[in-house]
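To keep things clear, I will list the structure first and then write my remarks on it.
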Amino acid sequence: MNILLVAINAKYIHSNPAVYSLQSCTGTYKPYVSVAEFTINQAPSFLLQEIYRRRPDVIAFSCYIWNYQMIDTVICDLHQLLPHTDIWAGGPEVSYHTSAIISRWQLRGVMAGPGENTFSCLVSAYVNGTADHLPAVLDETTAKRRLLDDIPFWYEDLSDFANRIIYYESSRGCPFSCSYCLSSLDKAMDFRSVSRVCKELDFFLEKKVPQVKFVDRTFNCKKSHALPILKHILEHDNGITNFHFEIAADLLDEDYFALLSQMRPGAVQLEIGVQSTYPKTIAAINRRMDFHKVAAHVHRIRAFKNIHIHLDLIAGLPYEDLQTFRQSFHDVYALAPEQLQLGFLKVLKGSQIEASAASYGILYTSKPPYEVLATNWLSYEDICLLKQIEAVLELYYNSGQFTHALDFLCPYFDTPYDMYDALASWYETHHYFGIQSSRLRKYEILLEFAVSYFTAHALSFQKQIHAFTEYLTYDLYLREHVKNRPAFACPLTPWKDTIRNVLQEESRTHTLFPALSGCSYRELTKLLHAEVFSFIFEQPCIVLFCYENRDPLTHNGRTKILPLTCLEKAESES
């Protein structure tokens with residue numbers, strides 16, 4: 001008996017913890033079960049070939065909104081190529097409206113809801129020849145739910161997870177009732193014991209995996225569970241591994257802050273779903289959140305300067321129009337997270353928002369990801385505008401490559417939203433959307449936009465553009481020692497001798513970058529970049545950019561700022 005679990009991920013870097021969890025729970029029948037992982041970026045013909053070559057007797061697809069289209073494409077051909085193979089499906093995309101999906105895909109059946117025990121029952125039935133008696137829908141009425149502590153740890157062999165994110169589940173379910181989320185339907189919270197979690201995290205720490213991403217919906221919903229895990233991470237930090245948690249920031253307290261403040265920079269990153277700051281919207285989606293407390297706690301964590309913060313907004317929620325969303329954007333942007341994700345409402349099958357979509361006038365795509373098209377408060381044209389704002393936000397803010405230039409530009413607009421709105425309009429007018437621009441070209445486009453804006457608003461043209469150009473140059477060299485100098489950067493020729501003297505002095509003393517103490521002058525010219533700035537500091541300065549030992553939060557190089565007046569004085573005295 002050959003039973004094949006098929007996962008189709010959004011990217012290669014992702015893995016599918018569901019299929020490995022199912023496989024791990026089959027006990028003595030595990031030799032009959034294998035896993036095949038693909039991505040949606042591979043050709044459907046490739047998936048067909050790879051699945052066919054395995055000659056499975058049973059196929060079980062793990063189904064989500066991101067891979068539905070791919071499964072829909074290949075499944076009919078699989079029926080033709082493997083007519084005697086039973087095909088099952090499981091996962092959130094098929095756990096609701098099961099009869100429709102069974103009919104569309106001609107499935108033997110569907111595994112609905114948590115699948116560890118139902119899949120174990122399925123495997124047992126096929127191995128023992130009783131599969132004909134299985135119902136078309138397997139769920140918790142067929143097999144009792146398995147507790148998290150009963151699910152084996154399946155990561156002992158990391159060879160299949162090289163260069164990929166490790167996903168880990170320490171709790172299942174969610175105590176909150178957000179109407180757009182399927183986790184809100186499952187009120188039965190289940191926690192893996194802290195002792196087991198810590199032991200398993202030690203394995204990842206020992207193997208020095210780059211990132212462990214907790215899939216817990218609200219990691220800190222139970223303090224007695226979350227706090228000792230964070231304490232263990234702090235005490236056993238290996239200097240490499242990053243742990244990602246999705247949390248409710250308003251549940252944090254002094255005990256959490258005491259631990260978080262001590263974390264190595266880059267050891268922990270926190271994702272916080274704000275979604276909206278409009279009270280009527282928050283109430284309509286059954287969300288409990290004290291935004292004032294969230295904001296205070298985010299500011300507190302940012303002051304530690306050691307934790308990457310990712311904040312989420314959702315466009316298309318009930319009662320939120322462009323004006324109220326503009327305010328939500330402003331509120332969240334003011335918290336200065338490292339990432340600000342502007343997402344769009346997905347009307348997921350089985351969610352509470354699906355049941356009430358018509359009453360809110362919510363129109364959404366007929367196929368996954370069931371994304372909002374319009375509501376009673378947002379037209380499709382409004383959604384298109386927000387899509388464009390999302391695109392420039394990703395390019396310029398979330399890339400982390402234009403931080404100082406954006407900070408300089410933003411005060412010239414009424415709100416941050418207005419700046420990105422104007423930039424999106426510039427992109428649209430000049431037909432830049434849909435074009436894969438080089439990194440340097442993105443800087444040039446931002447400069448073109450700023451020049452146009454300053455000119456149109458009769459601002460002090462030369463002063464503003466010179467300063468903005470220097471901020472662009474500063475941002476560019478913070479991230480990368482570019483080989484081709486941008487046309488907008490000021491010439492360095494007048495400062496050639498001064499820069500050479502600075503680097504020669506550093507090669508003798510190594511006072512600025514002691515970590516490079518073994519490097520000669522010639523080696524330093526390759527590891528450091530010197531740039532002269534006349535406008536962005538209180539006085540003209542030389543900035544040395546070092547790309548060794550980058551900032552773990554921003555990935556920027558380290559800098560040393562040297563006032564030119566002091567350097568010129570030293571040169572004249574020598």
Side-chain angles (χ1 to χ4, degrees), residues 1-8 15-37 51 54-64 67 71 75 78-79 82 84-155 167 169 171-173 182-183 185-192 196 215 349-350:
M1 180 58 61
N2 179 7
I3 301 171
L4 181 64
L5 281 162
V6 177
I8 306 174
S15 59
N16 184 312
V19 292
Y20 292 101
S21 185
L22 297 183
Q23 183 189 42
S24 72
C25 289
T26 53
T28 58
Y29 299 120
K30 188 175 178 180
Y32 297 101
V33 181
S34 59
V35 170
E37 285 195 275
I51 294 173
R54 295 171 183 254
R55 299 297 197 279
D57 300 297
V58 181
I59 301 172
F61 281 102
S62 180
C63 304
Y64 298 85
N67 64 21
I71 297 171
I75 203 161
L78 280 175
H79 281 301
L82 300 168
H84 303 296
T85 297
D86 281 357
I87 301 181
W88 290 77
E93 183 53 27
V94 297
S95 290
Y96 305 91
H97 314 305
T98 53
S99 59
I101 198 68
I102 289 172
S103 174
R104 179 178 178 85
W105 286 352
Q106 301 175 46
L107 298 175
R108 170 62 182 83
V110 162
M111 290 174 284
E116 283 84 6
N117 269 14
T118 52
F119 183 70
S120 181
C121 288
L122 181 146
V123 172
S124 174
Y126 274 102
V127 172
N128 294 308
T130 60
D132 289 343
H133 302 295
L134 290 172
V137 178
L138 293 175
D139 56 24
E140 288 182 0
T141 62
T142 311
K144 185 179 178 181
R145 178 186 298 207
R146 183 171 298 208
L147 298 177
L148 274 182
D149 254 352
D150 295 331
I151 297 175
F153 182 68
W154 63 82
Y155 280 116
Y167 292 96
E169 185 177 34
S171 67
R172 186 174 289 183
L182 292 179
S183 294
L185 303 178
D186 190 356
K187 297 302 179 186
M189 290 292 298
D190 183 21
F191 296 87
R192 204 165 178 86
R196 284 202 60 183
V215 297
K349 290 180 180 178

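Sequential numbering from 1 along the given sequence is applied to the chain's residues.
Evaluation of the ring pair (Phe, Tyr, Trp, His ring centres under 6.0 Å) rule for Phe153 yields Tyr155, Phe203, Phe204 as partners, not counting sequence neighbours.
In this structure, the side chain of Asn67 engages the main chain of Ile8 through a donor-acceptor pair within 3.5 Å. The backbone N or O of Val33 sits less than 3.5 Å from a side-chain atom of Gln23, completing a donor-acceptor pair. Here the side chain of Asn2 pairs a donor or acceptor atom with the backbone of Arg54 at under 3.5 angstrom. Using modelled atom types, no side-chain atom of Arg172 and backbone atom of Asp190 make a donor-acceptor pair closer than 3.5 Å. Using modelled atom types, one side-chain atom of Ser95 and one backbone atom of Gly113 make a donor-acceptor pair closer than 3.5 Å. No donor-acceptor distance shorter than 3.5 angstrom exists from the side chain of Thr118 to the backbone of Leu138, with no hydrogens or angles considered.
With a 6.0 Å radius and a threshold of 12 heavy atoms from other residues, nucleotides or ligands, Tyr96 has its OH atom above the threshold.
Atoms CD1 and CD1, on Ile101 and Ile75 in that order, are 7.5 Å from each other to the nearest 0.5 Å. Atom CD1 of Ile3 sits about 9.0 Å away from atom OG of Ser34, to the nearest 0.5 Å. Here the CD1 atom belonging to Ile87 is positioned 8.5 Å from the CD atom belonging to Gln106, to the nearest 0.5 angstrom. How far CZ of Phe61 is from CG of Leu4: 8.0 Å, rounded to the nearest 0.5 Å. If you take CG on Leu22 and CG on Asn117, they are separated by 10.5 Å, rounding to the nearest 0.5 Å. Atom CG of Leu134 is separated from atom OG of Ser124 by 9.0 Å, given to the nearest 0.5 angstrom.
Aromatic ring orientation, Tyr126 versus Trp88: perpendicular (interplanar angle above 60°, classes split at 30° and 60°).
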Q: Let me see the working for Asn128 and Tyr29 under side chain to side chain contact (heavy atoms under 4.5 Å, CB included), right down to the final yes or no.
A: CA-CA 10 Å; Asn128 294 308; Tyr29 299 120; 3.0 Å; yes
Q. Under the side chain to side chain contact (heavy atoms under 4.5 Å, CB included) criterion, do Arg146 and Phe119 qualify, and how do the steps go?
A. CA-CA 11 Å; Arg146 183 171 298 208; Phe119 183 70; over 6 Å; no
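Closest non-hydrogen pair, Ile151 versus Ser21, comes out as CG2-OG, 3.5 Å. Looking at every heavy atom in both residues, Ser171 comes nearest to Phe191 through CB-CD2, 3.5 Å. Cys25 and Glu116 get closest at one heavy-atom pair: SG-CG, 3.6 Å. Between Ala89 and Cys63, the closest heavy-atom pair is CB-SG, 3.8 Å. Closest approach of Ile71 and Ser62 over heavy atoms only: CD1-O, 4.1 Å. Here the closest heavy-atom approach between residue Lys349 and residue Leu182 is recorded as O-CD2, 3.2 Å.
Side-chain contact between Val35 and Tyr20 is present, with at least one heavy-atom pair separated by less than 4.5 Å. Side-chain contact check for Asp149 versus Arg192: some heavy-atom pair is nearer than 4.5 Å. Looking only at side-chain heavy atoms (C-beta outward), Ile59 and Val6 come within less than 4.5 Å of each other.
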